[in-house]
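Here is the structure we will look at.
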Amino acid sequence: MKVTLSVIKADIGGYVGHSGMHPKLEEVANEKLREAQSQGLLIDYFVTRVGDDLQLIMTHTRGENSQEIHELAWNTFLACTEEAKRLKLYGAGQDLLSDSFSGNVKGMGPGVAEMEIEERPSEPVIVFMADKTSPGAWNLILYRIFADPFNTAGLVIDPKMHDGFRFEVLDVFENKVVYLDTPEETYDLLALIGSIEHYIVKAVYKKNGDIAAVSSTTKLSLIAGKYVGKDDPVLIVRAQSGFPAVGEVLEAFTRPPIVPGFMRGSHFGPLMPVPFHYSNTTRFDGPPRVIAAGFQLADGRLVGPRDLFDDPAFDRAREHANFVSDYLRRMGPFEPHRLGEKEMEYTTLPSVLKKLEDRFKKLEE
Ligand code: F6R
Ligand code: MG
Ligand code: MG
């Protein structure tokens, strides 16, 4: 049976500030998706949030980029925005960049990760959701999961994984895509994906073409031309039986990568893996964080979630992330805690610098 798993997310209003989400918004989203399920549009759904971002996790049989599913998500976000406006929540509707829906939510603000799969006899999937960072945050994580034998033992031991994987990489500035195979082209892959604001891993496949992972790649700042909130990303990963085991996938998060986001989307900070109940971004609007919802698919039904970072085995990673936050925070407005100049062009900094323009005098030769 072919099933599509669609994860569509948006920040439609924060509580308090940009730190979390009011439960009423999740209630409204649940109502909307329950209605869609009873009409037969969805097989199943799960509504959740990380920080101030609302995630609609949905299963159906309409394939990727289905107009009906995207419209359902859009209308759900609109209904939540109305509620957010009533409660005067912060930045109500901030990620809905257009006034009207035009067939697909891509490019309109919400983030999307979708995969259509032939459901295996047992289909474990993990949905990762991050707040206060951007899509390139997954680059190092996906490299570790699918290409680093020091992370993923199966790449060496399991004959079903020994061939390696294929990475689909987007150039978000040029709107181009390239496919690179590992282990053969590992160094070429790394030459690109180390630039996490430029090249973003969109998807990973087995060499036979089966989808293994897909991420959301929206760059809100490139759509809007200015800072409109970070593109807090989501990622879907299939696990076990020829894909990395659940434990190999999660292992990649034990050494928190330093990612862009944090306060005002303008600082680097560690990506901290947390259980659901720790998803509020309170310190310096961060640190950036990620939650992991594990499901078993059963004929499209979402059996779960299991809160996969709710495990003391990740305490050390969290401690480490807090240590790194302390260290970086000491640098205040200096690089490399603050992002580089090119990325700052999409923030409010240029308007501050503008008033200094006339004060610069040419140096005499
Ligand atoms: C980060 C984020 C927040 C805001 C910050 C200032 O993605 O959204 O860190 O940038 O709280 O928000 P404003 O300018 O709305 O007061
Ligand atoms: Mg926000
Ligand atoms: Mg957010």
Side-chain angles (χ1 to χ4, degrees), residues 7-26 29 47-56 73 77 80-81 83-85 87-97 105 109-113 127-138 196-197 215-224 226-235 258-274 276 278-291 293 325 328-329 332-333 337-339 343-352:
V7 182
I8 307 187
K9 52 82 44 183
D11 175 346
I12 31 80
Y15 169 65
V16 172
H18 289 283
S19 70
M21 173 158 300
H22 195 283
K24 191 72 193 154
L25 302 193
E26 284 177 87
V47 172
T48 190
R49 62 100 181 183
V50 57
D52 59 2
D53 288 275
L54 182 68
Q55 276 89 16
L56 313 177
F77 293 139
C80 293
T81 298
E83 189 58 43
K85 284 185 173 156
L87 296 168
K88 291 186 70 175
L89 298 178
Y90 198 69
Q94 79 161 47
D95 281 359
L96 308 185
L97 301 180
V105 293
V112 185
V127 181
F128 293 99
M129 298 159 264
D131 190 29
K132 302 297 185 275
T133 184
S134 57
W138 305 129
I196 63 176
E197 296 278 30
S215 71
S216 62
T217 47
T218 330
K219 288 272 286 179
L220 284 180
S221 55
L222 296 184
I223 301 168
K226 62 175 173 26
Y227 183 69
V228 283
K230 267 286 165 196
D231 323 290
D232 306 318
V234 292
L235 168 71
I258 293 179
V259 296
F262 224 162
M263 175 56 74
R264 296 175 188 274
S266 307
H267 296 81
F268 282 105
L271 184 66
M272 182 159 75
V274 293
F276 298 167
Y278 279 154
S279 87
N280 294 324
T281 49
T282 48
R283 178 188 182 184
F284 201 57
D285 286 3
R289 66 197 60 208
V290 53
I291 60 171
S325 290
L328 288 172
R329 282 300 304 125
H337 180 29
R338 205 210 64 197
L339 301 191
E343 277 300 311
M344 294 303 287
E345 280 170 20
Y346 295 105
T347 72
T348 46
L349 186 66
S351 58
V352 175

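All ligand and atom numbering here is 1-based and tracks the order in the structure. The first residue in the sequence is number 1, and the count goes up from there.
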Starting from the C-alpha separation in whole Å, work towards a yes-or-no answer on salt bridge (charged side-chain N to carboxylate O under 4.0 Å, His left out) for Asp52 and Lys132. CA-CA 9 Å; Asp52 59 2; Lys132 302 297 185 275; 3.2 Å; yes
Nearest-0.5 Å distance, [atom1] of residue [X] to [atom2] of residue [Y]:
{"X": "Lys9", "Y": "Asp95", "atom1": "NZ", "atom2": "CG", "answer": "5.5 Å"}
{"X": "Asp11", "Y": "His18", "atom1": "CG", "atom2": "NE2", "answer": "7.0 Å"}
{"X": "Phe128", "Y": "Ser216", "atom1": "CZ", "atom2": "OG", "answer": "13.5 Å"}
{"X": "Phe262", "Y": "Arg283", "atom1": "CZ", "atom2": "CZ", "answer": "6.0 Å"}

So which of Asp131, Asp231, Asp285, Asp53 gets nearest to atom 5 (C) of ligand 1, if we judge by its closest heavy atom? Asp285
is_close_aromatic(Tyr15, His22), centroid dist under 6.0 Å: yes
Where do Arg289 and Asn280 come nearest, in terms of heavy atoms and distance? NH1-O, 3.2 Å
Protein N, O or S atoms less than 2.8 Å from the Mg ion (ligand 2), ignoring waters? Asp11 OD2, His18 ND1, Asp52 OD2
ang(OD1 Asp131, the Mg ion (ligand 3), OD2 Asp232) rounded to 10° is 80°
Taking non-hydrogen atoms only, is Arg264 closer than 4.0 angstrom to ligand 1 via side chain, backbone, both or neither? both
Would you mind running through ligand 1 and noting each atom that sits below 4.0 Å from a heavy atom of Tyr90? 13 (P), 15 (O), 16 (O)
Just jot down the ligand 1 atoms closer than 4.0 angstrom to any heavy atom of Gly265, in number order. 1 (C)
Just wondering, are more than 12 heavy atoms of other shown residues or ligands nearer than 6.0 Å to CZ in Phe284? yes
